[in-house]
There are 2 protein chains.
Amino acid sequence: MAAGRELLEEGGPDALSMRRLAGRVGIRAPSIYKHLADKEALEVALIVDGLREFGELCEAAVAGADDPLAALAVAYRSWAVAHPHLYRLINDRPLPRDRLPEGLEARAGAPLVAAAGRDPDRARAAWAFAHGMVMLELTGRFPPGADIGAAWREGVRALASPEAV
Amino acid sequence: MAAGRELLEEGGPDALSMRRLAGRVGIRAPSIYKHLADKEALEVALIVDGLREFGELCEAAVAGADDPLAALAVAYRSWAVAHPHLYRLINDRPLPRDRLPEGLEARAGAPLVAAAGRDPDRARAAWAFAHGMVMLELTGRFPPGADIGAAWREGVRALASPEAV
DNA sequence: GACAGAGGCGAACAGCGTTAGCTACTCTGT
DNA sequence: ACAGAGTAGCTAACGCTGTTCGCCTCTGTC
């Protein structure tokens, strides 16, 4: 639902209300329920859309990169800071896995596993680092003078697969 | 406010409502505003309380540890998984810094800087890793078979300060 | 005894997700 | 061509949320 994504990206999670969505598409609130089961269904639709887009960008970044992990890190952060509200919607709650298409999450994570040298623990550590960096940046944790790029380079270098060093 | 913390820790963020808090302390909702300016003031009080407690535990963990970074990692995760809703309340939004006591955040971060060998970029990378690991765990991102401890060890080892290796 | 302040109260407002029940249009089957 | 089904809109309403208003009552002070 393009209108829902607009609401979310323009006004944050508080702006993503069923009534606002209805108003945006020119109908009244209850009529929304003829198209969407409930608000969770709206969020799932946005999550699916965002996760697919995000996964494709990560795949493209890793494919044919000299340093896959560094390229993935840049792509990861770029998308997250460009779509902060959607990134947080995707990551805020435990995913309603039964309402999510099978394999979507695995596909979004595949580039990371590939870039991390196929060690799942290392891949999870790298994912946690990237997610943490993004969340700390999005929630304004880094002080004004902090060199966010340097912290990224530090983490990517430390977590690079041994055979890449 | 102990009652507020109980509400949050027992029932999550949805349970933390002004009306519920009022009911918990035996008064009606509007009377709450004779004691609290608004809901943000309640959240700030919980954040301050939680951040102080969290900071003290981290300080204690680092003090006199053989491997400060590893000890800090254990203490960090332990507190977060023991108080998931409070941890998320502290970290979810940009902090209303003007409503927070001066220096509280800096004090909570001091153990990390100490453990990370005084390199601020490395400290931020380590913080991001720890925060990311906790958030991924709390939001159920790791599949059932994942070895969370191994991922922690991987990250802590990779991000340990060079002089500690 | 008058007065101020603190701390309770009910009523109310706007906004939220959601449901029930009604209506109107459009498509399909005979 | 007409009946029936399904689609998609509507209003009204419920219970919940944070919050404000005005009122009342108690308590301490001069």
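Just so it is clear: chains get the letters A, B, ... in the order the sequence lines come, proteins before strands, and each one is counted from 1. All values below come from the heavy atoms of this structure, side chains included, with hydrogens, waters and symmetry mates left out.
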Next item on the list: Would you kindly give the NE2-to-C1' distance between H35(B) and dT19(D), to the nearest whole Å?
Entry: 16 Å
Note to self: Both D14(B) and I27(A) contact DNA chain D. Taking the nearest nucleotide for each, which residue is further toward the 5' end?
What the structure shows: I27(A)
Note to self: Can you give me the first and the last nucleotide of DNA chain C (5' to 3') that has an atom within less than 4.0 angstrom of a non-hydrogen atom in chain A?
What the structure shows: dC16(C) to dA20(C)
Next item on the list: Report yes or no: does T139(B) contribute a side-chain atom to a donor-acceptor pair with the main-chain N or O of M135(B) at less than 3.5 Å?
Entry: yes
Note to self: Is the phosphate of dT7(D) approached by K34(A) (side-chain N or O, under 4.0 Å from OP1 or OP2)?
What the structure shows: no
Note to self: From the set dA13(D), dT17(D), dA8(D), return the single nucleotide nearest to any side-chain atom of R19(B).
What the structure shows: dT17(D)
Item checked: Phosphate contact (dA8(D) OP1 or OP2) by S31(A) side-chain N/O below 4.0 Å -> no
Notebook entry, point to check: Side-chain contact, heavy-atom cut-off 4.5 Å: V81(B) with V134(B)?
Noted result: no
Next item on the list: Calculate the interatomic distance between K39(B) atom NZ and dC16(D) atom C1'; express it in whole Å.
Entry: 12 Å
Margin query: Is the ring pair Y87(B)/F54(B) parallel, tilted or perpendicular, if the boundaries are 30 and 60 degrees?
Written below: perpendicular
Notebook entry, point to check: Nearest-Å distance, CG (L36(A)) to C1' (dA8(D))?
Noted result: 14 Å
Item checked: Any donor-acceptor pair under 3.5 Å from R88(B) side chain to D92(A) backbone -> yes
Next item on the list: Identify whether any heavy atom of I32(B) sits under 4.0 Å from a base atom; if not, whether one sits that close to sugar-phosphate; answer base, sugar-phosphate or nothing.
Entry: nothing
Checklist line | Nucleotide dT17(D), atom C1' - distance to CG of D38(B) in whole Å | finding: 14 Å
Check: Does a salt bridge link R5(A) with E10(A), judged by any charged N lying under 4.0 Å from a carboxylate O?
Finding: no
Next item on the list: Apply the test salt bridge (Lys or Arg N to Asp or Glu O under 4.0 Å) to residues E137(A) and R141(A): give CA-CA distance (whole Å), side-chain angles for both, the deciding distance (0.1 Å), then the verdict.
Entry: CA-CA 6 Å; E137(A) 181 175 359; R141(A) 252 66 191 175; over 6 Å; no
